[in-house]
Amino acid sequence: MSTRSAKLLSGLLLGAGVAHFVIPRQFDAIVPRALPGRPRQWTYASGVAELAVGAAVAMPRTRRVGALAAAGLFAAVLPANIQMAYDWRGRPAAQRNAALARVPGQIPLVLWALRVRRNAS
């Protein structure tokens, strides 16, 4: 079960990383405006980070460090989720609620990554 969980976590990260390059505008929109530089730079940088972390989680030799990096990455995107929730406060209820749910939704992702780390050999 722990290998399956690691593969699912890796797949999530790799898929998200690819999405940053395929549909970058969605990610650009949630980059906190307080960050220096252009949002697209942050979108691509976070996509590269997700691809690298996803690859590290996928390989048994690097799984422990990769899963720890995944937990850090999930925590690091919390400001983007807060930005999205703030920006979407005027949207229809379903969209607004989805954006709000992303904020506490990071907690299970962090815990999942830490569990993968703990179970890695």
request  = Kindly give the cluster partners of Val31, where membership spreads through any ILVMFWY side chain lying under 4.5 Å from a current member.
outcome  = Leu35, Trp42
task = Assess whether side chain to side chain contact (heavy atoms under 4.5 Å, CB included) is satisfied between Ile30 and Val77, documenting all intermediate values.
result = CA-CA 10 Å; Ile30 64 171; Val77 300; over 6 Å; no
Euclidean distance, Leu12 CG relative to Leu109 CG, rounded to 0.5 Å = 6.5 Å
note = Between Gln83 and Pro32 the two heavy atoms that sit nearest each other are OE1-CA, 3.5 Å
note = CZ of Arg25 to OG1 of Thr43, rounded to nearest 0.5 Å, is 11.5 Å
key: Partners passing side-chain contact (heavy atoms from CB on, under 4.5 Å) against Ala69 (at least two apart in sequence or in another chain)   = Val53
remark   = Under a side-chain separation threshold of 4.5 Å, the hydrophobic residues clustered together with Val22 are Leu14, Val18, Phe21, Ile23, Phe27, Tyr44, Val48, Leu51
request  = State whether the side chain of Arg63 and the backbone N or O of Val57 hold a donor-acceptor pair below 3.5 Å, judged by distance alone.
outcome  = yes
ask   = What closest approach, in Å, do Ala70 and Leu13 show between heavy atoms, and which atom pair accounts for it?
value = CB-CD1, 3.9 Å
key: Contact summary for Ala71 and Leu114, nearest pair of heavy atoms   = CB-CD2, 3.8 Å
request  = Mind checking salt bridge (charged side-chain N to carboxylate O under 4.0 Å, His left out) for Arg40 and listing every partner two or more places apart, or none if nothing turns up?
outcome  = Asp28
note = In short, ring-ring contact (aromatic ring centres under 6.0 Å, His included) pairs touching residues 85-121 with sequence neighbours left out are none
request  = Kindly write out the residues that satisfy side-chain hydrogen bond (donor to acceptor under 3.5 Å, both in side chains) with Arg96, not counting sequence neighbours, or none if the list is empty.
outcome  = none
remark   = Sorted by chain and number, sequence neighbours left out, side-chain hydrogen bond (donor to acceptor under 3.5 Å, both in side chains) with Asn97 holds for none
message = Taking side-chain hydrogen bond (donor to acceptor under 3.5 Å, both in side chains) as the definition, give me every residue that meets it alongside Arg33, ordered by chain and number, with sequence neighbours left out.
response = Asp87
side-chain hydrogen bond (donor to acceptor under 3.5 Å, both in side chains) pairs, two or more places apart, involving residues 47-62 = His20-Glu50
query = How many angstroms lie between CZ in Arg115 and CG in Leu9, if you round to the nearest 0.5 Å?
reply = 9.5 Å
note = Sorted by chain and residue number, the side-chain hydrogen bond (donor to acceptor under 3.5 Å, both in side chains) partners of Ser10 (sequence neighbours excluded) come out as none
Would you list the atom pairs, donor with acceptor, under 3.5 Å between side chains in residues 100-107 and any protein atom, with sequence neighbours excluded?
{"from": "Arg102", "atom 1": "NE", "to": "Asn81", "atom 2": "OD1", "distance (Å)": "3.0"}
{"from": "Arg102", "atom 1": "NH2", "to": "Asn81", "atom 2": "OD1", "distance (Å)": "2.9"}
{"from": "Gln106", "atom 1": "OE1", "to": "Asn81", "atom 2": "ND2", "distance (Å)": "2.8"}
{"from": "Gln106", "atom 1": "NE2", "to": "Phe74", "atom 2": "O", "distance (Å)": "2.8"}

inquiry  = To the closest 0.5 Å, what do you measure between CG (Asn119) and OG1 (Thr3)?
reply    = 9.0 Å
message = According to side-chain hydrogen bond (donor to acceptor under 3.5 Å, both in side chains), does anything in residues 65-79 pair up with another residue at least two apart or in another chain? List the pairs.
response = none
